[in-house]
Amino acid sequence: MERRAFLQFLTVLSAGSGISASAVDALHSGLRQLTGHASDNSAEDWEQIAWDYAQGVWTEPPGSRVTDLAGDIRDLDQALARPRTSTERATLLKVYAQLSAFLALDLAEASSARAGWRSWRSARAAADASGDRELRVWVRAIESSQSFYLRRLGSATNTLVEEALYLAGDHPCHGLVEALKTRSRVLAAQGQADLAHRTLQDLRNAYERLPDAVTGDHISVWGMPLASVQYAEAFTLIKLGGTVAAMPLLEQALAASPPEKVGGKANIGLIRAWGLIRDRDVTEGLSHALDVVAPLPVTAARRRIAVELLASLPQQARSLPAAREFHALVTTDRPA
């Protein structure tokens with residue numbers, strides 16, 4: 001077994017490809033046995049693996065972890081097939097749901113939305129089987145957000161939001177806030193201004209009840225810093241024409257976002273450009289938008305914001321060189 005793993009490792013290395021994390025685990029499996037440890041990862045090991053992935057969801061290049069995640073999910077699937085205590089099994093199912101959700105987020109950027117929806121389905125099933133309420137809410141909330149940004153056809157976005165809100169009930173959690181963020185954007189896109197503003201108030205109330213450990217986490221996928229809420233508020237307000245109220249929120253969110261979150265800061269900047277255009281400062285808005293998107297890949301979120309920005313351009317401005325350049329940048333696939 002160790003020889004086969006070593007030969008596979010050398011084959012991948014000689015081909016110049018990246019080495020998956022699971023391949024490294026396989027390479028070192030003999031050491032575990034020699035030191036008296038179990039040959040496979042424990043439930044606690046798997047929790048740490050998931051936690052490590054969670055630190056990079058918003059900071060690493062989109063689509064960059066598909067190989068690692070696929071290998072770990074394969075190994076975790078095998079671990080779940082072995083006899084386990086009920087507690088261990090629930091823990092592994094939670095990790096399976098988390099890794100499948102992380103994979104779904106990356107697949108939408110590196111492969112296709114269809115592949116991502118398949119992984120989301122597995123994430124929901126594993127979360128439900130784990131019995132972890134907050135995880136069940138979170139998985140549906142994050143999938144609903146991605147469904148909105150990718151303009152998923154049908155009723156999936158609304159269904160996922162409603163399921164997340166129903167499961168959360170009055171329990172303050174990350175997923176509840178995430179679901180309300182998406183609901184406000186959906187209502188704004190539908191032109192339901194009163195309901196969208198009411199949802200923003202619900203969002204603020206839910207955010208205020210979150211634990212400090214969640215609101216104070218500015219890096220991992222499990223954090224919900226104030227900047228994330230301000231970003232969502234600004235999107236909804238600008239869509240409804242409330243640029244005066246939105247722009248200070250964006251300035252505050254940008255100032256509070258850590259430098260590691262390059263993509264998140266770019267999204268805030270692109271919404272700011274959209275706000276400038278809604279305020280008829282077309283030249284400045286387009287210039288700012290080009291500065292934001294030129295050096296970065298166009299993710300699902302940035303593409304959706306770009307669509308809104310382009311739709312807000314006055315008819316006579318759509319033929320401007322800057323407008324044509326921006327349109328080309330956001331509609332052409334570029335490497336991450």
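Only heavy atoms go into these numbers, but all of them, side chains included; no hydrogens, no water, no symmetry mates.
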Are [X] and [Y] in one and the same hydrophobic cluster, where Ile, Leu, Val, Met, Phe, Trp and Tyr link if side-chain heavy atoms are under 4.5 Å apart?
{"X": "Val282", "Y": "Val307", "answer": "no"}
{"X": "Trp117", "Y": "Leu105", "answer": "yes"}
{"X": "Leu135", "Y": "Trp51", "answer": "yes"}

Quiz item: Going by atom types alone, do Tyr53 and Asp72 pair a side-chain donor with an acceptor below 3.5 Å?
Solution: yes
Practice problem: Establish, from distance only, whether the side-chain atoms of Glu162 and Asn158 form a donor-acceptor pair under 3.5 Å. | Solution: no
Exercise. Please list, chain by chain and in numerical order, all residues satisfying side-chain contact (heavy atoms from CB on, under 4.5 Å) with Ser257, sequence neighbours excluded.
Key: Ala227, Lys265, Ile268
Please round to the nearest 0.5 Å and tell me the distance separating atom [atom1] of [X] and atom [atom2] of [Y].
{"X": "Ser145", "Y": "Arg304", "atom1": "OG", "atom2": "CZ", "answer": "10.5 Å"}
{"X": "Thr199", "Y": "Leu180", "atom1": "OG1", "atom2": "CG", "answer": "7.0 Å"}
{"X": "Asp291", "Y": "Leu270", "atom1": "CG", "atom2": "CG", "answer": "11.0 Å"}
{"X": "Asp212", "Y": "Asp217", "atom1": "CG", "atom2": "CG", "answer": "12.0 Å"}

For the residue pair [X] and [Y], what are the closest heavy atoms and their distance?
{"X": "Phe326", "Y": "Leu309", "value": "CE2-CD2, 3.8 Å"}
{"X": "His218", "Y": "Ala256", "value": "ND1-O, 4.1 Å"}
{"X": "Leu93", "Y": "Ala126", "value": "O-CB, 3.6 Å"}
{"X": "Thr299", "Y": "Glu109", "value": "CA-OE1, 3.4 Å"}
{"X": "Thr331", "Y": "His327", "value": "OG1-O, 2.6 Å"}
{"X": "Asn41", "Y": "Arg84", "value": "O-NH2, 4.4 Å"}

Exercise. Look at Glu143 together with Arg140 and state whether they make a salt bridge at an N to O cut-off of under 4.0 Å.
Key: no
Quiz prompt | Salt-bridge present (Arg124, Glu163; N to O < 4.0 Å) | solution = no
Only one of [options] passes side chain to side chain contact (heavy atoms under 4.5 Å, CB included) with [X]; say which it is.
{"X": "Arg183", "options": "Thr236, Leu165, Leu200, Leu203", "result": "Leu165"}
{"X": "Ile277", "options": "Leu313, Thr283, Thr243", "result": "Leu313"}
{"X": "Ile271", "options": "Val292, Leu276, Ile238", "result": "Ile238"}

Practice problem: Using a cut-off of 6.0 Å, state whether more than 12 heavy atoms not belonging to Arg114 lie near its atom CZ. | Solution: no
Could you tabulate the donor-acceptor pairs under 3.5 Å formed by side-chain atoms of residues 167-176, not counting sequence neighbours?
from	atom 1	to	atom 2	distance (Å)
Asp170	OD1	Arg209	NH1	3.3
His171	NE2	Glu134	OE2	2.7
His174	NE2	Val221	O	3.3
His174	NE2	Gly223	O	3.0

Quiz item: Does the side chain of Leu99 reach to within under 4.5 Å of the side chain of Leu76, using non-hydrogen atoms?
Solution: yes
Exercise. Any chance you could lay out the side-chain hydrogen bond (donor to acceptor under 3.5 Å, both in side chains) test for Glu260 and Trp58, step after step, and finish with the verdict?
Key: CA-CA 8 Å; Glu260 297 94 327; Trp58 306 138; over 6 Å; no
Quiz item: Who else is in the cluster with Leu187 when I, L, V, M, F, W and Y are joined by side-chain contacts under 4.5 Å?
Solution: Leu195
Practice problem: Show which residues join Leu153 in its hydrophobic cluster (side-chain heavy-atom contacts under 4.5 Å, direct or indirect), or state none. | Solution: none
Quiz item: Is there a donor-acceptor contact under 3.5 Å from the side chain of Ser130 to the main chain of Ala127?
Solution: yes
Self-check item: Residues which pass ring-ring contact (aromatic ring centres under 6.0 Å, His included) with Phe235, listed by chain and number, not counting sequence neighbours
Solution: Phe148, Trp274
Quiz item: Which salt bridge (Lys or Arg N to Asp or Glu O under 4.0 Å) pairs, counting each pair once, include a residue from residues 229-245, with sequence neighbours left out?
Solution: Arg204-Glu233, Lys239-Glu308
